[in-house]
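Read the numbers this way: they start at 1 and go in the same order the structure lists the ligands and their atoms. Values in this document were obtained by computation on a predicted structure and should not be read as measured data.
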Amino acid sequence: MSSSRTKAGKRSPNLDTVYSINPDGSRNFLQVAEVKGRWTTRRYIMFYALILVYLLAPWITIGGHPMILIDLPRRAAYLMGATFTNQDFHLFFFVLIGVGIGLFVATTLFGRIWCGFACPQTVFMEGVYRPLERFIEGRRIERMRRNKQGGAGKWVRKVIKHALFLFLSWNLAIAFMCYFIPTRELLHEVPFFKGNMTALVWSLFWTGLLYFDYSWFREQTCLIICPYGRLQSTLVDYDTIIIGYDEKRGEPRHKGVQEGGDCIDCRRCVDVCPTGIDIRNGLQMECIGCTNCIDACDDIMDKIGKPRGLIRFDSSRGFETGKSRLLRPRFFIYGALILAMAGLFVVRATHRDNFQVTVMRSRGLPFSFEGDKIRNLYTMHLQNKSSEHRVYFLSTEPGALSGKEGLEFIIPQPRIDLDPLADVPLTAFAEMPRKSYDLPEDFHFTVTDSASGEVQKIKVRFRGP
Ligand code: SF4
Ligand code: SF4
């Protein structure tokens, strides 16, 4: 492994090593410089809008239920007023595939725009934790100087910072749990969850994980853990809009404006990079598309009186030829797939039954003898999938097993009251004298929802010796 060094002997980013890891394997903790500019402003607007949605969504109710809630104990989920039970789980296949393809389209068109603008890792790191760190420990130069000097000034600030990070992580962990436990119930129970060990352990787990991630692990999550960064190289093509350095214009880089290309080798683009890379080395897997280097370099160009855009959003084709091509066949193919998935989800979700009846396999012999009669036992399972209390009626279809002399149906519980999302096993019997039986025969039970009048037929078979 090679490691390039600046003239001052400092290690600098290259394509062969990960800059945030030292050659001896220890961590090179990055001190990211602050940056201002039009892209940074846009990103902050996006970050705070997303954080607001994240914090408010569990408080908003639609149709008496939270806008988004995955209620694990009740095995149900609520989404924009619709109720889903475990029986509807297959629908989330369409959602997941749709989201996956959506990311493909976004990456194909605009590279890692998701990472730079909307990924929770970036949103909270750059929108909350890093600004707080700067507020307490000061700007990059100040932080580096204080870290080197040591002393009380450094440690007091570090203790305050980590205490606030822990408190923030705990709050974000509780906010996350509001997506799994109704918010108003949850907030009455924090911090000790009234002895609910599961909730307490989860809250501590998420707090610890967020604190570890945002206070120390940081860009390593993007570099080591997230698979999306590795995937991007298969999705990006010659026409994808990426953040890149205009080599034709910038090289040969030269300190000072009088000679060479437009790059004055000031290294501002490196200092502001949260993953510690040098964009001038070309597109790299570590680039999360954060736009810091664009704003940093534009600022330098303004100062030296050169046009902005030495580092900019453009395609590889654009950097080489000056021409870009945004809409390509794969965009339309991915777009059609997303629409198909969204359409399938909407159609399936809006045409679901409000209740579900399934026949359970009975244990042992399918029939028994009661004196000279053959008896069949049927076990069914009824679930109220609606969010309201419902009354159902279980009966047999008119004309079931007609013509069988001495036939009798026994339904111990013909009326069933069910709370929202509740389920219950049902039993029913059919009996007929041996002499009336010749061959197995199918018939139907019916379950009627008294509120909507919806009827579901359940096909079963009468069997005998
Ligand atoms: S900020 Fe711009 S001018 Fe400075 S080193 Fe980076 S590319 Fe060159
Ligand atoms: S190279 Fe530029 S866009 Fe990529 S992560 Fe670094 S600063 Fe952000």
Side-chain angles (χ1 to χ4, degrees), residues 4 6-8 10 12-15 18-20 28 30-40 42-44 46-47 107 110-119 121-123 125-127 130 140 218-224 226 228-230 232-233 236 240-316 319:
S4 53
T6 61
K7 280 179 189 161
K10 271 173 59 186
S12 78
N14 59 37
L15 292 177
V18 176
Y19 186 63
S20 53
N28 176 22
L30 301 175
Q31 295 294 348
V32 180
E34 35 295 314
V35 63
K36 281 187 184 146
R38 57 201 167 121
W39 284 106
T40 307
R42 287 169 196 166
R43 285 174 80 223
Y44 276 122
M46 183 80 178
F47 294 164
T107 311
F110 302 111
R112 287 177 79 171
I113 192 138
W114 159 261
C115 302
F117 284 76
C119 173
Q121 175 71 17
T122 307
V123 170
M125 186 68 238
E126 305 303 330
R130 204 161 336 248
R140 178 174 190 257
R218 298 189 167 185
E219 76 287 342
Q220 299 301 311
T221 301
C222 311
L223 304 188
I224 298 171
C226 180
Y228 178 57
R230 282 155 225 284
Q232 74 153 343
S233 50
V236 166
T240 300
I241 303 292
I242 49 164
I243 294 176
Y245 165 71
D246 191 340
E247 213 175 308
K248 280 186 177 171
R249 199 186 126 185
E251 300 297 320
R253 64 190 75 165
H254 187 271
K255 297 245 182 236
V257 289
Q258 305 308 334
E259 294 175 50
D262 283 356
C263 175
I264 58 167
D265 204 15
C266 64
R267 289 177 55 86
R268 263 289 285 165
C269 52
V270 181
D271 292 344
V272 297
C273 179
T275 60
I277 60 172
D278 186 340
I279 189 77
R280 295 172 300 170
N281 292 333
L283 180 63
Q284 293 151 74
M285 197 197 73
E286 292 95 329
C287 175
I288 57 165
C290 74
T291 70
N292 278 3
C293 52
I294 300 183
D295 280 341
C297 191
D298 279 352
D299 186 39
I300 298 293
M301 291 299 117
D302 288 349
K303 284 182 180 141
I304 63 174
K306 296 271 171 86
R308 289 178 169 193
L310 178 58
I311 298 175
R312 63 176 184 271
F313 274 112
D314 206 340
S315 62
S316 301
F319 281 113

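Applying the 4.0 Å criterion to heavy atoms of R280 picks out, from ligand 1, the atoms 5 (S), 7 (S). Listed by number with element, the atoms of ligand 2 under 4.0 Å from a non-hydrogen atom of I243 are 3 (S). Close approach of ligand 1 to I311 (heavy-atom distance below 4.0 Å) involves ligand atoms 7 (S). Taking a cut-off of under 4.0 Å to the non-hydrogen atoms of M301, the atoms of ligand 1 that pass are 3 (S). Interface atoms of ligand 2 facing I279, defined by a heavy-atom separation under 4.0 Å, are 1 (S). Remark: ligand 1 atoms within the under-4.0 Å shell around heavy atoms of C263 are 3 (S), 5 (S), 7 (S), 8 (Fe).
Counting heavy atoms from C-beta outward, R267 and P13 have side chains that approach closer than 4.5 Å. Between I279 and C273 there is no side-chain heavy-atom pair separated by less than 4.5 Å. Side-chain contact between I277 and E219: absent, with no pair of heavy atoms (C-beta onward) separated by less than 4.5 Å. Annotation: side chain of I242 is in contact with side chain of S316 (closest heavy-atom distance under 4.5 Å). For the pair S12 and D278, the minimum side-chain heavy-atom distance is 4.5 Å or more. Using a 4.5 Å heavy-atom cutoff, the side chains of E126 and C290 are not in contact. Residues W114 and T107 fail the side-chain proximity criterion, which asks for heavy atoms closer than 4.5 Å.
For D262 against R249, the heavy-atom pair with the smallest separation is OD2-NE, 2.7 Å.
A side-chain donor-acceptor contact under 3.5 Å links Y245 and E251.
Here R253 has no heavy atoms under 4.0 Å from ligand 1, in either its backbone or its side chain. With a 4.0 Å cut-off on non-hydrogen atoms, D265 touches ligand 1 through its backbone and not its side chain. In I288, the parts holding a heavy atom less than 4.0 Å from any atom of ligand 2 are both the side chain and the backbone.
Contact check on R312 versus D246 returns a salt bridge, with a Lys/Arg side-chain nitrogen under 4.0 Å from an Asp/Glu carboxylate oxygen.
C290 lies apart from atom 6 (Fe) of ligand 2 in this respect, since none of its N, O or S atoms is found at a distance under 2.8 Å. For atom 2 (Fe) of ligand 1, the N/O/S atoms of C293 include none lying under 2.8 Å.
In terms of protein heavy-atom proximity, atom 4 (Fe) of ligand 2 is nearest to C287 SG, 2.4 Å. For atom 2 (Fe) of ligand 1, the closest non-hydrogen atom on the protein side is C297 SG, 2.4 Å. Protein heavy atom closest to atom 3 (S) of ligand 1, with residue, atom name and distance, is I264 N, 3.6 Å. Scanning the protein heavy atoms around atom 6 (Fe) of ligand 1, the nearest turns out to be C269 SG, 2.3 Å.
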